[in-house]
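Inspection log for the structure reproduced underneath, given as structure tokens.
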Amino acid sequence: MKKYREFKQVSYPEIGEDILEFWKKDKIFEESVKNRGGAPSYTFYEGPPSANGTPGIHHVMARAIKDVFCRYKTLKGFQVKRKGGWDTHGLPVELQVEKELGITKEDIGKSISVADYNRKCRETVMRYKDEWDELTEKIGYWVDLDDPYITFEPKYVETLWHLLKKLYEKDLLYKGYTIQPFSPAAGTGLSSHELNQPGCYRDVKDTSVTAQFKVKDSENTFLLAWTTTPWTLPSNSALAIGEKLNYVKVKTFNPYTFEPQMVILAEARMAVYFNQKAEGISLSDYKSGDKLIPYEVVENIKGSDLLGMEYEPLFPVAGIIQPFPAYTVIPGDYVTTEDGTGIVHLAKAFGADDFRTLTQQNVPGVFVKDEKGEDIPIVDKQGKFLPVLGKYLLKKMGEHQITAHKTFSEHDFYVKNYLQEDESDPSYKSTDVIISIILKNENKAFKVEKYEHSYPHCWRTDMPVLYYPLESWFIRTTAYKDKLVAHNRTINWKPEATGTGRFGNWLENLVDWNLSRSRFWGTPLPIWRTKDGTQTICIGSIAELEREIEKSIAHGFMEKSPYEGLEIDLHRPYVDEVILVSENGEKMFREADLIDVWFDSGAMPYAQWHYPFENEDVFKENYPADFIAEGVDQTRGWFFTLHTLAVLLYDSVAFKNVIANGLVLDKNGNKMSKRLGNAVDPFATLKSHGPDALRWYMLSNANPWDNLKFNIEGVEEVQRRFFGTLQNTYNFFALYANLDAFTYEEAKVIPLVERPELDRWISSKLQSLILEVEQAMENYDATPAARAISNFTVDQLSNWYIRLSRKRFWRGDMNPDKQAAYETLYECLLTLSQLMSPIAPFYADWLYKNLVQNALEAGHKLPQSVHLTDWQEAASHKINRDLEASMQLAQNISSLVHSLRKKEKLKVRQPLQKILIPVLNQNTRKQIQHVEALIKAEVNVKEISYIDDTSGILVKSVKPNFPLLGKKYGPKMKEVAKAIQTWGKKEIALVEKEGSYPITLSGEQAHIALEEVIIQSQDIPGWSVASEQGVTVALDVTVTEHLKHEGIARDLVNRIQNIRKEMGMEVQDKITISIGCQDQAVKDAVNNFTTYIKTETQALKLELNGKLKEGILLDMDDFELTVKVEKA
RNA sequence: GGGCCUGUAGCUCAGGUGGUUAGAGCGCUACACUGAUAAUGUAGAGGUCCGUGGUUCGAGUCCACGCAGGCCCA
């Protein structure tokens, strides 16, 4: 009976399916968690995917990475619980539902009820769950799919509310402003998604102004700043400059008032603002009204020197003037000299950058108080100036006698044409134009012109969008910036740069987290407020909500709870129906906002366990995570929200190690997209190539944080090269083990020290491999681990160990040498199955099972799956670096000899007498002697001679040891190198003898020590020589008569073996041979090597017959002969 | 526009702390092996290390400025 299964050919997809079946049937995953009960836990958090789309090939990548380290840590003895999860809320789901229902956001609550709409969202979001589960299983991603967390479930949302309340109690949750796209015509804010609709950005011609801001306490010096939205100038409260840019102060005249003045702008922008033709015209020659305005640079100023400079506001309107540090020059990292003046006008209310910069610099913006005492911008939500400015503009129109298409009132100054007045009327004047005229007349404008640019428009009204401060709820993340940064420093990021760079910079430039979303399908903000906003309650649990509802009912604000007789659902619209009662008896309504879905996922460490309402012990054991992994695009998404909530709420990191993987692109480096048809279907790939090669390819081809150019040919290469070789290796083992009825029995193995050199060598390499893989995996580097395993398998085990050991396996009956070979090979394969199991879990388990099957059947207590085994620690006593070095020399020397043979056109079958190896030290000699027999057999030479100094024919060369000498001599290195390179035989001999040798350096004496030079042997006069990595080999290319005969004999054996095979003979069949040939050399060869030929070919009779006509004609390069082989 | 990543052979990738022949696999060419055989081995050809400057005795490696591709954010 065969003890080890043999395979003619294997189907990797089938292995995947069979092993998956086995895992399911025997509950291997569950067992791998269960049998680590009581062991230290290793915590992994699953970043929840959204199942409203089908999974792609990049999900295989992300999921493989997660799986690899969880499996590895399980082998290492940790208990690794892996709870799956689903991300269910958010805009993508809503948009998909809108599309499917053919509705827009405006229809929700009108043509479809919020309840129905949300029901539809809930159905849609899990639409592809089955496909996801199937992929998860098929790629071998072990995660608990039976009990996942789902972010829309009431328990999950309850934890979110609890966390929000904690934030609220810490005064970290507040209502504030953020600058968002806003459509005054539609009276609504727009999402960035709505702004990205086709046709929203349109080229329009606007009046642009380069305004002059008068420097405080100067006579006539102005800062120039350019804007395409002059209506924002009354809201100016600071100017931004680039600290590294160069600025100039220019003496010139105002082109509208012709008054003499100094202006400051970026040097690089001068050409735009001054006519080169005016260069050289004397300032004193200028007369008012001259078109050509002379100018003269009077001072160069560094950007940083402008900081803090104060200037006078353009619109000195009582009530809008702000206190210091308003109207000062501040730094802006985004200031360029691409356009404008290199000085940027900032209006806090109307630009996101402006808002951020001014907030960071603590500069007030231009706001006025409304009746509630809250700050409002000076443009209202209809898009017109408040009367406070309207009055001022009206007064100025009178002062400057500006007439327009109509008579203005203080309520008529719309900043864009929202009244849709006829712009073709020649007397039509926009607010921008009116402002420009005022500025021109008041010596406050340097240049006014039409400017065409791209500007966003509302997709529903076609009217221009304003950037406008809108109310939102925020988490005060900036209050914890230092802690966020400090905790981040303790996280091990792969790659490091994502942590320090992308994520670190993001934390350094932190703004408060805007939580608000004006949508329907998401976690509602659990905040109720009185109409005037003076009283607020934040609800932190379902119980609390129910209590408050009771109170409200008692107070008569609600008739009954919306949940009466129903399951609790914290979504809209039900929560919106809840009206609560404030402490002093007023009605409180829920703030209509939903929260950012990233809060949902960032809260999963707590919410997945419904903590703190349940599972306190599980939570505490599994917090924070040891490891998470997601795409690098999550840096400001999941990674950020996880980190932030942990720091703000628990003063802890949420994860200790994180891999941020890159994208999966197509083979040409383009982004995959279903639309372009270059997306790779993961299911098709699994079907054709199986899961293991796919996972192996994805992880071994490039580091996971580099983008992967996915090429199916790469998967095939992995399959051929690594899995194919491993499979051949196993088959080789199984074939002969079965012939010899060998089974591995641990109790009876031959101790390593008693095994042959080659076995000890591969065992040493194997132990070294374990260490290497372990080190890489501990460092979260799966790629070098995979590459090391593959290199060991292909180069060392298959190509060297097996090739050199082949005869041991087939020759003779069972003997200790043979047994040692089997045992060594078996041990290598078994260890490999474990080492590779995290990355190629199916094939590894299959290999493992093939190896241990008969031991299991014989009743040995062994884990039934490699994934249930304990990590086999490297046995350091088996590592023999010296032996590894020896073998490396053998490999190098063999390669060199092959190279020489090739050059000399001497094939390996032709025996040669000897090779010469120059040795400069005895250790190398010893190391080579150790493997001499191997080398001789491998390259078919009869002897190896070593030549050293005593031989007298050794030619040495010397070169400087640059790293050593460079440090010592630095700038004189060239001279030193030159001196050393002039050394000849005599000098080399002296430096070897004395340990140092003097040289002259620019007249001075210096001593070069022996270790500061590298002495090599390169030439052996009269020999064919090759050298590599410090090893030199010379080949004796003389083919003597005798060698020639032996070569012919070997050739003959080779041909006869082929004939035997062609004739379909069995290994043990005996034959008779007749050879017909006139060539004397052949005759001699046959006569001299009769025994050898007969033994090798199992011939009973070998005869030379010069007249032989029948038989097979063989072309032996130099001659022909006829051979007749017959079964004896 | 900003932050970050990537750029080395036809392709995919290695190349601590700067050091004098820049490597591997695949592909290609040639050869060998023919008892692992729908397998295997060996050798060879193949390089403007993205570009330009700089630092240095010495730069694929360090610095600056660019170029190209990508991600995230405006």
Side-chain angles (χ1 to χ4, degrees), chain A residues 8-9 192 333-336 338-339 351-353 356 495 497-506 508-509 631-637 660 662-663 665 667-671 697 700-703 705-709 711 713-714 716-718 720-722 724-725 727-736 783-784 787 790-791 794-795 798-800 802-803 806-807 809-811 894-903 905 907-909 938-939 959-967 969-978 981 1014 1026-1029 1054-1055 1057-1058 1060-1062 1066-1067:
Chain A
K8 276 251 148 54
Q9 59 194 51
S192 57
D333 51 16
Y334 45 83
V335 178
T336 68
E338 299 286 305
D339 51 23
D353 268 338
R356 179 173 54 85
T498 300
T500 53
R502 195 187 270 219
F503 196 65
N505 289 342
W506 166 249
E508 292 292 343
N509 295 304
V632 69
D633 52 343
Q634 296 289 339
T635 307
R636 289 168 188 195
L663 262 66
L665 309 168
K667 65 176 177 183
N668 299 318
N670 299 312
K671 207 175 162 172
Y697 164 70
S700 67
N701 187 65
N703 281 314
W705 41 87
D706 290 331
N707 289 346
L708 174 70
K709 289 183 200 157
N711 189 345
E713 285 168 29
E716 280 154 12
E717 186 184 322
V718 161
R720 241 192 349 261
R721 187 171 156 74
F722 173 59
T725 305
Q727 180 55 31
N728 269 324
T729 304
Y730 168 77
N731 261 348
F732 179 87
F733 167 80
L735 178 70
Y736 290 107
T783 306
R787 287 173 179 171
S790 175
N791 288 340
V794 175
D795 295 338
S798 170
N799 183 26
W800 197 254
I802 294 209
R803 208 157 49 80
R806 276 203 307 225
K807 281 197 174 142
F809 289 94
W810 77 59
R811 195 168 269 169
S894 300
S895 165
L896 287 169
V897 175
H898 281 130
S899 175
L900 286 169
R901 276 181 171 275
K902 161 109 181 153
K903 200 165 80 187
K905 295 192 163 60
K907 56 188 174 185
V908 181
R909 218 184 275 127
E938 178 67 11
V939 300
K959 67 174 186 177
N961 184 340
F962 278 92
L964 236 55
L965 287 168
K967 280 196 186 74
Y969 291 99
K972 291 179 186 161
M973 195 54 219
K974 277 214 170 101
E975 221 181 321
V976 175
K978 215 172 157 188
Q981 272 146 12
I1014 297 165
S1027 67
E1028 181 187 88
Q1029 289 169 31
N1054 162 245
R1055 306 302 157 106
Q1057 297 285 32
N1058 282 347
R1060 278 182 58 116
K1061 226 178 148 197
E1062 275 164 30
E1066 295 296 322
V1067 176

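Here is how names work: the chains are called A, B, and so on, in the same order as the sequence lines, proteins then strands, and each is numbered from 1. Everything numeric here is computed off the predicted structure, so don't read it as measured data.
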Look at all strands and tell whether [X] reaches a base, only sugar-phosphate, or nothing, counting heavy atoms closer than 4.0 Å.
X      : answer
A/N799 : sugar-phosphate
A/K902 : base
A/K959 : sugar-phosphate
A/N731 : nothing
A/I802 : base
A/G970 : base
A/T635 : nothing

Is any side-chain N or O of A/R636 closer than 4.0 Å to OP1 or OP2 of B/C73?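 Result: no.
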Using a cut-off of less than 4.0 Å, is there contact between a side-chain N or O of A/N703 and OP1 or OP2 of B/A14?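 Indeed, a polar side-chain atom of A/N703 lies that close.
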Considering only the [atom1] atoms, how many Å lie between [N] and [M], rounded to the nearest integer?
N     : M     : atom1 : value
B/U40 : B/A45 : P     : 24 Å
B/G47 : B/C65 : C1'   : 26 Å
B/U55 : B/C63 : P     : 15 Å
B/U34 : B/U42 : P     : 16 Å
B/G66 : B/G1  : P     : 11 Å
B/C31 : B/G23 : C1'   : 24 Å
B/G46 : B/U8  : C1'   : 14 Å

What is the separation between atom [atom1] on [X] and atom [atom2] on [N], rounded to the nearest whole Å?
X      : N     : atom1 : atom2 : answer
A/K905 : B/A30 : NZ    : P     : 14 Å
A/N701 : B/G25 : CG    : C1'   : 10 Å
A/Q727 : B/A39 : CD    : P     : 14 Å

Parallel, tilted or perpendicular: ring planes of A/F809 versus A/F732, cut at 30 and 60 degrees: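 A/F809 vs A/F732 ring planes: perpendicular.
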Confirm from the modelled atom types if A/S798 and B/A36 form a donor-acceptor pair under 3.5 Å, side chain to base only.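 Looking at the base of B/A36, it does pair with a donor or acceptor on the side chain of A/S798 (distance under 3.5 Å).
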Test for a donor-acceptor pair under 3.5 Å between the base of B/C26 and the side chain of A/R720, counting only N and O atoms.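 Result: no qualifying N/O pair found.
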Test item: A/R803 side-chain N/O and A/N799 main-chain N/O as donor-acceptor pair under 3.5 Å: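 Looks like yes, one N/O pair under 3.5 Å.
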Are the side chain of A/Y697 and the backbone N or O of A/N711 linked by a donor-acceptor pair below 3.5 Å?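 Checked: pair present.
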Apply side-chain hydrogen bond (donor to acceptor under 3.5 Å, both in side chains) to A/E716 and list each qualifying residue two or more places apart in sequence or on a separate chain.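 Scan of A/E716 (side-chain hydrogen bond (donor to acceptor under 3.5 Å, both in side chains), adjacent residues dropped) gives A/H689.
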Among B/C33, B/G3, B/A14, which is the nearest nucleotide to the side chain of A/R787?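 Out of B/C33, B/G3, B/A14, the nucleotide with an atom closest to A/R787's side chain is B/A14.
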Closest approach to the side chain of A/H898, judged atom by atom: which nucleotide of B/U42, B/A36, B/C5 is it?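 Minimum distance to the A/H898 side chain belongs to B/U42.
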